There are 2 protein chains.
Amino acid sequence: MISTEERIHEAALRLFSERGFEATGIREIANEAGISIASLYHYMTTKEDLLVNIMEYGLSRLIAAAELVSERTAGPISRLASLIQLHVWVHGVGQKSASVVDTEYRSLTGERLERIREMRDRYEGIWRSTIQEGVSIGCMDVPEPKLASFALLEMCTGVSHWYSANGELSLSYIGESYANYGLDLVRARVDGNTVTVKDLIIPRTADLYREAEMRVNASAPPA
Amino acid sequence: MISTEERIHEAALRLFSERGFEATGIREIANEAGISIASLYHYMTTKEDLLVNIMEYGLSRLIAAAELVSERTAGPISRLASLIQLHVWVHGVGQKSASVVDTEYRSLTGERLERIREMRDRYEGIWRSTIQEGVSIGCMDVPEPKLASFALLEMCTGVSHWYSANGELSLSYIGESYANYGLDLVRARVDGNTVTVKDLIIPRTADLYREAEMRVNASAPPA
DNA sequence: GTCTATAAGCCGATAGAC
DNA sequence: GTCTATCGGCTTATAGAC
């Protein structure tokens, strides 16, 4: 049995990701969830709140998983490769959630925008500090770590724009390829030699994300 | 003197890029252009047509410039580096136009969507074939050229999400850095050695784009 | 928790005068 | 080429019964 609350969450997620927040009416959400508009307002305060909840839930799982990556990897190179695989995985498996988080930013206002912005900044900080550490240790070589982190983040985020589960390439293959792209991009070196994902010991992305999801759900259950 | 038509185009461009197509009302467009709603309809047929015109104009300039790149560069390595610098430049200087082209896709319907999709596919084809040629010649080494072209395109497109003319890094510096990222990512090699943009002879991006813009405006003047 | 009914206002688009 | 006035419908959100 799936609760009304969950049906609303899923209806909004599908509609927001396919048509966009502004183009989605509360009638459509109520209709897809199988309830009336008035009932919908029993579960939410405003349409924007529904959006914020979706974005907050998606971001908190992503951040929790990225923090797990930091705990479970040995150095900047493994950490970056694992962060890339995680980000690609999230943007493929949770395509709808990821695309809402990435694109509906401008529909937020005031304090809600600030909250989401802080979460995004925190996540970006994990990437940036990973590359900065790699450069300062000397196992990466890139002039502007911040610029490189933006480049890699946008590259991985883009997966949600074109990935299809029915496509030729599996998500894990894409993730591994992108991790190799990332290692080349930051000129990762161990003992002067180039590195690929196959040379590294990296936690399994799907397991790691599942664990992060459980942590988040334990502290604040999904809508 | 700036014509009413141009004022409408610029108003729509600013509003669509800041708030999104769906969130922008024709009242706002008319107001910002300094005319009435009824007058607005003297210059356009529907709101969606206004969007299509903006997207078509932006894409046609980008494609014309990319084709100029192909004419003016000697091999796949120089061509890819030049395509990257062009794409970054367009997404920084023409941030508004680029973000509308990239994000308002889902507001298009029917034949209009098809027209824009074809243009985008044509542009992506130029990138893909450049990397494919590099791999087949042997000066690049990447398992899936198509995947690498998606990765690089999304990386460069992302510049429009965070770039600011007031920021620390100049757009030409970002473009050159990204081109170097790209050459590392596809493992570009000349005589077995890695390559950077400084080793290459590449047309000046701004000049090249200006020339492409003139070509487009000569065949179909801007709105 | 769910509903019907409705408020109050904005939406894209048009008619028709000047 | 520009305007005022307006149409019909859709928007988010609420009141109040069950």
Side-chain angles (χ1 to χ4, degrees), chain A residues 1-55 100 104-113 221-223, chain B residues 1-56 100 103-113 221-223:
Chain A
M1 275 320 274
I2 166 170
S3 72
T4 304
E5 207 162 19
E6 284 167 335
R7 270 186 291 123
I8 292 170
H9 185 91
E10 282 186 20
L13 188 56
R14 191 182 78 79
L15 290 163
F16 288 169
S17 68
E18 283 179 14
R19 309 181 193 184
F21 174 75
E22 299 285 356
T24 301
I26 52 169
R27 268 162 195 74
E28 297 171 282
I29 300 171
N31 202 52
E32 179 134 335
I35 54 171
S36 69
I37 297 173
S39 296
L40 179 60
Y41 274 91
H42 177 76
Y43 294 93
M44 69 178 203
T45 55
T46 63
K47 195 177 87 163
E48 191 185 334
D49 254 326
L50 198 53
L51 175 61
V52 172
N53 286 341
I54 287 174
M55 294 180 79
V100 170
E104 299 300 347
Y105 218 72
R106 61 184 163 196
S107 297
L108 298 177
T109 57
E111 182 263 347
R112 295 184 244 234
L113 173 61
Chain B
M1 274 321 269
I2 165 171
S3 72
T4 304
E5 207 162 18
E6 283 167 336
R7 271 186 292 123
I8 293 171
H9 185 91
E10 281 186 21
L13 188 56
R14 191 182 78 80
L15 290 163
F16 288 169
S17 68
E18 282 179 15
R19 308 180 193 185
F21 174 76
E22 299 285 355
T24 301
I26 51 168
R27 274 161 191 78
E28 296 171 281
I29 300 171
N31 201 51
E32 179 134 335
I35 54 171
S36 70
I37 298 172
S39 296
L40 179 60
Y41 275 90
H42 177 77
Y43 293 95
M44 69 179 201
T45 55
T46 64
K47 197 177 85 161
E48 193 185 332
D49 255 326
L50 197 53
L51 175 62
V52 172
N53 286 341
I54 287 174
M55 295 179 79
E56 223 161 10
V100 170
T103 66
E104 299 300 348
Y105 217 71
R106 60 185 162 195
S107 296
L108 298 177
T109 57
E111 181 264 347
R112 295 183 244 234
L113 173 61

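Only heavy atoms go into these numbers, but all of them, side chains included; no hydrogens, no water, no symmetry mates. Note that the structure is predicted; figures quoted are calculated from it, not measured.
Side-chain atoms of B:Met55 and B:Val52, non-hydrogen and from C-beta on, never get closer than 4.5 Å to each other. Using a 4.5 Å cut-off on side-chain heavy atoms (C-beta onward), B:Met44 and B:Ile8 make no contact. Contact of the A:Ile35 side chain with the A:His42 side chain is not registered, since no non-hydrogen atoms from C-beta on lie closer than 4.5 Å.
Screening residues 35-46 of chain B for salt bridge (Lys or Arg N to Asp or Glu O under 4.0 Å) gives no qualifying pairs among residues at least two apart or on separate chains.
The heavy-atom pair separating A:His9 from A:Ile54 by the smallest distance is CE1-CG1, 3.8 Å. Between A:Ala11 and A:Ala33, the shortest heavy-atom contact is CB-N, 4.2 Å. Contact between A:Ile26 and A:Ile37 at its shortest, heavy atoms only, is CD1-CG2, 3.6 Å. For the pair B:Thr46 and B:Arg112, the tightest heavy-atom approach, listed with the atom from each and the gap, is OG1-NH1, 3.9 Å.
Within residues 29-38 of chain A, the residues that place at least one heavy atom under 4.0 Å from DNA chain D are, in residue-number order, A:Ile37, A:Ala38. Residues from residues 41-50 of chain B lying near DNA chain D, meaning a heavy-atom separation below 4.0 Å, are B:His42, B:Tyr43 in numerical order.
Partners of A:Arg106 under the side chain to side chain donor-acceptor pair (under 3.5 Å) rule, at least two apart in sequence or in another chain, are B:Glu104. Taking the side chain to side chain donor-acceptor pair (under 3.5 Å) definition, one finds that A:Ser107 meets it with A:Glu22, sequence neighbours left out.
Once you apply a 4.0 Å limit to the heavy atoms of chain B, the touched nucleotides of DNA chain D run 5' to 3' over D:dG1 to D:dT4.
Between the CZ atom of A:Arg27 and the C1' atom of C:dC11 there is a distance of 13 Å, given to the nearest Å.
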